[in-house]
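Report on the following structure.
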Amino acid sequence: MAITIIARHMDPQTILQALGQIAPQLDVRIWPDDGDTDEISYALCWKPPQGIFQQYANLKAIGSLGAGIDFLLKDPQLPAHLPVTRIVSQQLAQSMFDYVASCALNYCRQFDLYRKLQQDNLWRPLPPLLCSEVTIGIMGLGELGRFVASKLLQLGFKVVGWSRSSKDISGVECYAADAQLSPFLAKTQMLFCLLPLTDATEGILNRELFIQLPQGAYVVNVARGEHLIEQDLLWALKSGHLRGATLDVFRQEPLPDEHPFWQCDQITITPHCASATYPQAAAPQIVENYLRLCQNQPLLYQVNLKNGY
Ligand code: GLV
């Protein structure tokens with residue numbers, strides 16, 4: 001039995017090294033030079049080529065090297081009978097919180113507006129916004145969303161949350177399902193999308209949603225590019241309804257040179273770095289899952305493929 005790492009846009013060597021440090025006895029290989037593919041039982045993946053799993057006759061499980069698994073679900077040949085795992089770690093959650101908190105504090109202290117004033121050499125103090133005056137809306141209350149929501153409370157923000165099924169998080173006003181989306185949006189001054197990408201959430205950040213946010217709201221997408229209807233965001237920004245947006249994820253990554261987002265001064269762009277897997281933090285659960293696989297035991301952090309998360 002062996003593990004293969006099939007990673008594109010992520011360095012497989014760093015995963016290999018982290019696994020080697022804690023479990024040197026494991027046979028871990030890197031695709032495409034992974035030898036006899038019949039020996040592979042666990043495939044650890046990040047954006048693998050579609051159809052790749054057909055090459056592995058004795059595969060027993062597939063593991064996403066990130067929190068999301070949407071790139072696996074896009075593969076029409078994904079073997080439906082195999083368990084799929086993802087990475088769940090304190091590091092991913094903390095790193096996401098650090099990113100979200102930076103955006104939220106920048107919004108309160110109006111750094112985006114000061115940047116515009118600076119372009120015109122304008123010294124103009126703006127009325128300060130206290131964290132306690134700002135309501136943050138978190139869409140998606142899974143592992144990351146719940147953690148982020150609770151920690152934002154500790155910074156003094158008011159926090160509301162929305163998810164497809166109802167959730168209970170101390171101090172967070174939780175809304176659920178389509179029927180409660182509008183009241184959630186009406187309260188949200190700063191919206192963070194942390195939803196999983198599914199058929200139900202694709203394109204959810206659209207014109208109809210933006211107009212239900214209060215005038216001057218700010219939108220942050222740290223989930224997947226496909227959640228956003230790009231033209232609708234540009235419209236909402238240009239019309240002045242939204243004050244700005246920070247985008248970490250895009251329909252096409254890297255974001256193409258000619259993309260209009262680059263030129264829009266109301267948009268802050270980061271290159272899908274809000275929360276990336278640290279190999280050292282992920283290695284213990286990968287090893288644990290591999291040992292469980294060898295002993296035919298249930299795996300940790302298994303995804304429900306029907307739900308898509
Ligand atoms: C990052 O986007 C992840 O899914 O971990």
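Indexing begins at 1, ligand by ligand and atom by atom, following the structure's order. Residues take their numbers from the sequence shown, with the count starting at 1. Computation of the quantities below employed the complete heavy-atom set of this structure, encompassing side-chain atoms and omitting hydrogens, waters and symmetry-equivalent molecules.
- The shortest N/O to N/O separation between G68 and ligand 1 falls below 3.5 Å.
- Residue-level proximity to ligand 1 for W46 is carried by the side chain, the only part with a heavy atom below 4.0 angstrom.
- Remark: side-chain polar atoms of Q189 are paired, donor with acceptor, to backbone N or O of T135 under 3.5 angstrom.
- If you check which protein heavy atom lies closest to atom 3 (C) of ligand 1, you get A67 N, 3.3 Å.
- I267 pairs with exactly one of L233, T246, D112 by the side chain to side chain contact (heavy atoms under 4.5 Å, CB included) rule, that one being L233.
- In summary, the atoms of ligand 1 found under 4.0 Å from a heavy atom of G66, numbered by their order in the structure, are 5 (O).
- Side-chain contact between L152 and F97 is present, with at least one heavy-atom pair separated by less than 4.5 Å.
- Here CD of E230 is found 3.5 Å from NE2 of H259. Values are rounded to the nearest 0.5 Å.
- Put simply, part of R224 is less than 4.0 Å from ligand 1, judged by heavy atoms.
- Close approach to H272 involves these atoms of ligand 1, each under 4.0 Å from a residue heavy atom: 1 (C), 2 (O).
- Judged by the 6.0 Å distance and 45° axis criteria, R224 is not positioned over the aromatic ring of F71.
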